[in-house]
Structures are given as C-alpha cells and as structure tokens.
There are 2 protein chains.
Amino acid sequence: MKLSANEEYGLRCLVRLGYEGEGGSLTIPEISHAEGVSPALAAKILRVLRKAGFVKAARGKEGGYALARPPEAIVIGEVMEVLGGRLFESSFCDTHSGQAAICTRSVDCSVRSLWRAVQVAVDQVLSKATLRDLLQNEEEMNSWVRAISDRSGLRLLQ
Amino acid sequence: MKLSANEEYGLRCLVRLGYEGEGGSLTIPEISHAEGVSPALAAKILRVLRKAGFVKAARGKEGGYALARPPEAIVIGEVMEVLGGRLFESSFCDTHSGQAAICTRSVDCSVRSLWRAVQVAVDQVLSKATLRDLLQNEEEMNSWVRAISDRSGLRLLQ
DNA sequence: GCTAATCTGTACTTCTTAGTCAAGATTACC
DNA sequence: GGTAATCTTGACTAAGAAGTACAGATTAGC
C-alpha cells in the first residue's frame, strides 16, 4: 500500500497550478522546474489530468496548463482515483464476481471486509479535501486537518 | 495507492493458518491450494512472514507452517507494514530531509500533510485489528467493523 | 507565411514487483 | 541408514510502473 509516483507528482502539479490563481497558467518547463520532476514526466502526468478534466491545456506559443475548474470544485479523492486507481480492486476474490455480498469462503470475506474498511477510512479523508484546502498556508492547512479530526473522531494530528 | 500482491496473499496465508487453531500447521501445498496461489509464490511470501516473526516453519517430513504467536498478538497493521511498507515514505520531499516539521515550499507541506492524514486514518483501522478479529465469522466481523465505526466516528458500513 | 514556443502522441528504456524453477538442506518414519 | 516429504535459497523470467526521447501538430506574434 504505497503512493505511486503518479499520485505524488500529479497532485503536486495540480497544487502548483492552483497557486497561479484564477486563469493563471504555467508551461511544462515551469511546472517541472518548480516541482523537481523531469519535463517529460510532468507532461505525461499532466496529460492524464487533462483527460480527466482537472486541467486544460493551450497549445502553441503563450500556451500552457491551467486549472479547468475552480479549486473548490476539485475533490482530491477524485484526483487520486484518476492518478492511482482504487486501493481495493477486488482482484483476488473475483471468482465470486464482486457482486455477492457474502463469499463462500469466510477467509475471503474477512479479508475483504478489512480492505473495505481501510478504503472507507481513506475515502473519508480524501473525499472531504478539495484543492482549495491544499492551497491554504500552513496554519490554515493545520486547521483543516484539525477540523476533519474533530468531525471524524480520528486523531490526525500527532 | 493500491494493495500489493504481497499484502493480499500474505494476509490470506496468515488467516488460513489462523483457522488451524492452536498449534495447528499447514504445508505450503495445502496453503497454496486453499488460497489459490502458486506454491512457489506462497513459499516466497511465507518466508517474509517467518523472518518477521509472525509464523514459524518446521522442516522435513511432517513439517509445515504455523502461527508463531496467538492470533490476538498479531496486529494487522504490523503485518501490512512488513508485507508492503508504509504508505508515505517521504520519498519526494527528502531534500528537506524528513526531519523538519515545516517545509520551505508550502506546496510540499500541504501535500505532505495530506499524506500524513491519510496514513493516520489507515493506521487507525489497521492498528486496532488483530488476526483474532479476522478469524471470527461473518457476523462477528461485521460487529467488529461496527465497533470501530462507533469508536472512531467513521462510517465504515455502507 | 515564417518562426519560435508550446502541447501531443507514441515508442522506447530502465527499474521494481510478481511469479517460477530447480538444487540443496532438514526431518520423521521405517 | 534410506526414503520421501518438507522447507530454504538463490537465480531466473515475466509483467507492470517509472521515466525518457523525439517527431509531429498547433498557435501567437511578427
């Protein structure tokens, strides 16, 4: 259970674009330099974000990338899913075709229940966060984490 | 953010051994058949679990694998860490050396805060679960999920 | 129209993870 | 001691993810 490079870099590119504010845009070389990723890789990941509708691209001179929606309309959970897929894709137990609520083998079921619980816990955090939240400065970021912490009962701050 | 094959298969092998109860043991062919994994792969993963102290092996005729501790002493979070590492290993931002609480680039910091929040949410689930929990039958499994749900405020049941 | 800056797409290489194989070491049982 | 069942180890292959390269298409500005 690791973050993929796609997720790490992709989210950073989005945040970087977000910093440019309303209508601001950046070129691939600018983004790649700011985030310390190679231009080729940044281009590859930005293409994924474009196809998913999070950013838009302008070609030609004076072109570049910009957010396709306001930051508060970009839910991090959706971004993460596009960049890295779902945690639990039911790959193992699909002899039982994923539809059945109850597996015949209880081993499968208890393990799947666990994965589901983890998936839900992750979603609770990621579906509450928007790009807007990530654009706030340090203090505001902390207060956001604290808010989720309070709402959910999780102790997210150490 | 995906489950690795190691995590999926490794946990299943553990659960399978747990079903054998106190002192019960299974051979690699038995485990591999029960879980639908190739013997060679099961052997590879069981080796990891043995080195980490979760299971013990007996060689020779009548040999096999057994749990090295009682199921309630096997915390799933620890198992998962051995099998798949941590979610967030600070790979990107280690120019800032991981020690500093505050990155100089706020992009780094907001993204890292998010990863930390996700990591903590996952840990809240996995560090509460032991192998004993996974060995219960369907109803008990559900009540365990419900208990965590209540305690943590997460809605883990849909 | 020409040029330079920019994204687009595909193909390629490299690295890590997943999965296989075979020879060796150990043990219970006769 | 011999034999068969079992784990152990390391090397090997296959598949997927990460990262690179380059030729092509598009556009602003002159």
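A note on names: the letters A, B, ... follow the listed sequences, proteins ahead of strands, and every chain is numbered from 1.
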- Message: Please report the distance, rounded to the nearest Å, between NZ in B:Lys44 and C1' in D:dA14.
- Response: 11 Å
- So what does A:Ala58 touch, heavy atoms closer than 4.0 Å: a base, only the sugar-phosphate, or nothing? sugar-phosphate
- Message: Below the 4.0 Å mark, does C:dA4 have OP1 or OP2 next to a side-chain nitrogen or oxygen of A:Arg59?
- Response: no
- Please report, rounded to the nearest Å, how far the P atom of C:dC29 is from the CD atom of B:Glu62. 5 Å
- Item | OP1 or OP2 of C:dT20 under 4.0 Å from side-chain N/O of B:Ser38 | yes
- Within the side chain of A:Glu20, is there an N or O that forms a donor-acceptor pair under 3.5 Å with the backbone of A:Leu17? no
- Message: Does this structure show an ion pair linking A:Arg86 with A:Asp123, if we count only N-O contacts that are shorter than 4.0 Å?
- Response: yes
- NA contact type, B:Arg47, heavy-atom cut-off 4.0 Å: base, sugar-phosphate, or nothing? base
- Task: Find which nucleotide of DNA chain D each of A:Pro39 and B:Ala43 is nearest to by heavy atoms, and output the residue with the more 5' nucleotide.
- Result: B:Ala43
- Answer yes or no: is there a donor N or O on one side and an acceptor on the other, between the side chain of A:Glu8 and the main chain of A:Ser4, under 3.5 Å? no
- B:Lys61 NZ to D:dA4 C1', in whole Å, measures 5 Å
- Check whether any side-chain N or O of B:Tyr65 sits under 4.0 Å from OP1 or OP2 of D:dT8, and answer yes or no. yes
- Query: Which of these passes side-chain contact (heavy atoms from CB on, under 4.5 Å) with A:Ile76: A:Leu14, A:Leu11, A:Val15?
  - Reply: A:Leu11
